[in-house]
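So that the names make sense, note that chain A is the first sequence line, chain B the second, and so on, each numbered from 1. Owing to the predicted nature of the structure, the values given are computational and were not obtained by experimental measurement.
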There are 2 protein chains.
Amino acid sequence: MNSDTENHGFGAVLKELGLKETPKRRVMLEILAEEQRFLSPEELWLALKGRFKTIGLPTVYRNLEELANGGVISTVIHPNRQLYYYFCTAESGHHHHFICTSCRRVEDIPECTVAAMEGEIVTRTGGKITSHIVQFNGFCRHCLADPNERTAI
Amino acid sequence: MNSDTENHGFGAVLKELGLKETPKRRVMLEILAEEQRFLSPEELWLALKGRFKTIGLPTVYRNLEELANGGVISTVIHPNRQLYYYFCTAESGHHHHFICTSCRRVEDIPECTVAAMEGEIVTRTGGKITSHIVQFNGFCRHCLADPNERTAI
DNA sequence: CGCTAAAAAGAAATCGTTTCCCTTTGGCAC
DNA sequence: GTGCCAAAGGGAAACGATTTCTTTTTAGCG
């Protein structure tokens, strides 16, 4: 399995978003897809530096934003207010996350209950909801059981 | 109703948090309490400048954080990732917000459904939730009805 | 009234993020 | 295959919200 020949179908994903399929975008998606935890732009940049002689941090920011806007990856808002990114394997459309602020694992939460909340809010306020931020932070069962596994962001 | 003599009971609130009752803290709370919308630290600072000859922006940040940690005011995370603050009149303990990204009005949302979600998440993941971010963004009924009322943040 | 720790001022630093401008490249046309 | 052009990327620099630092002031207690 060579990343130069096996592109995990990311090329098609990029094309759908109207984005050119560049090596950097492909590798960004590869790294995010292989990583089980959410990453900061700078961390992703450091990983990319190992595979490209030249790679700028602005490029990483730009692509992360485009990919997130396209729904290919999702954002994680850490309580420290920094932005992290996560490749969502769940193909199940819109949903939310329970993130471990220790080891950075992410678990998917189905969207259902939030949709119910939205309906109630719209009914009661007469407003219109354009977006929402729903995220649960805590310790996953691994970090809960074994404090030694805990890491700091 | 003079703010020098009528302190809305904010002194007691500050004392409960172990904070000294300073004129600046009192006026910060006054301004936030009178304001129906969420404010940025800088906006609050500008308002304070009208009432104090010297008032530093770091002071505003420091106090906002202390008050938010104490639960006296609550934070609003705007999609633009800036932090805003809002004085919650609802005494009903923990709850969430529907914010209008146009006029900045805030409506309270009871906590109930989120608590149910949390229970389900804990059961399913075996983790422990330490905090959550739940916020709905959109247009309130006023801005929905009258686009002229809309303002940009 | 004096003391002491907390609070505040003001300037400067920090740092995540974005902008600018120039160079390179993907992808379609011929 | 070659050329073209808009999109993508590099690198430096700007930006701007937030924080840190050091000194001065003040609240609140004895």
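T125(A) places a side-chain N or O within 3.5 Å of a backbone atom of I121(A) that can act as its donor or acceptor partner.
Scored by the ring-ring contact (aromatic ring centres under 6.0 Å, His included) test, F136(A) finds H132(B) as partners (sequence neighbours excluded). For the salt bridge (Lys or Arg N to Asp or Glu O under 4.0 Å) test, no residue two or more places apart in sequence or in another chain qualifies with E16(A). Under the salt bridge (Lys or Arg N to Asp or Glu O under 4.0 Å) criterion, R124(A) pairs with no residue at all, not counting sequence neighbours. Partners of E66(A) under the side chain to side chain donor-acceptor pair (under 3.5 Å) rule, at least two apart in sequence or in another chain, are R25(A). Looking at residues two or more places apart in sequence or on another chain, you find no side chain to side chain donor-acceptor pair (under 3.5 Å) involving Q36(B). Contacts of S131(A) classified as side chain to side chain donor-acceptor pair (under 3.5 Å), with partners at least two apart in sequence or in another chain: N137(B). Contacts of T75(B) classified as side chain to side chain donor-acceptor pair (under 3.5 Å), with partners at least two apart in sequence or in another chain: none.
At its two ends the helix from dC1(C)-dG30(D) to dC30(C)-dG1(D) runs along axes set 30° apart, each axis drawn from five pairs and the angle rounded to 10°.
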Polar atom pairs between nucleotides 6-8 of chain D and protein, under 3.5 Å, N or O only, would you list them?
unit_1, atom_1, unit_2, atom_2, d
dA7(D), O4', K20(A), NZ, 3.4
dA8(D), OP1, K20(A), N, 3.3
dA8(D), OP1, R25(A), NH1, 2.8
dA8(D), OP1, R25(A), NH2, 3.1
dA8(D), O5', R25(A), NH2, 3.3

Under 3.5 Å, N/O pairs linking protein and nucleotides 12-15 of chain C:
none

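Distance L14(A) CG to dG27(C) C1': 14 Å, rounded to the nearest Å. Residue M28(B) contributes atom CE, which lies 13 Å from atom P of dA7(C) at whole-angstrom precision. Note: CG (L48(B)) to C1' (dA9(C)) measures 14 Å, nearest angstrom. The distance between atom CG of L57(B) and atom P of dT20(D), rounded to the nearest whole Å, is 14 Å. If you take CZ of F52(B) and P of dT26(D), they are 12 Å apart, rounded to a whole angstrom.
Here K24(A) reaches the OP1 or OP2 of dG10(D): one of its side-chain N or O atoms lies under 4.0 Å away. Checking the phosphate oxygens (OP1, OP2) of dT18(D), a side-chain nitrogen or oxygen of Y61(B) falls inside 4.0 Å.
The ring-ring contact (aromatic ring centres under 6.0 Å, His included) contacts involving residues 108-127 of chain A comprise nothing, where partners must be two or more places apart or lie in separate chains. For the ring-ring contact (aromatic ring centres under 6.0 Å, His included) condition, the pairs that include at least one residue of residues 97-122 of chain A, sequence neighbours left out, are Y86(A)-H97(A), H95(A)-H97(A).
Where K15(B) and P41(B) each meet DNA chain D at their nearest nucleotide, the meeting point lying more 5' is that of P41(B).
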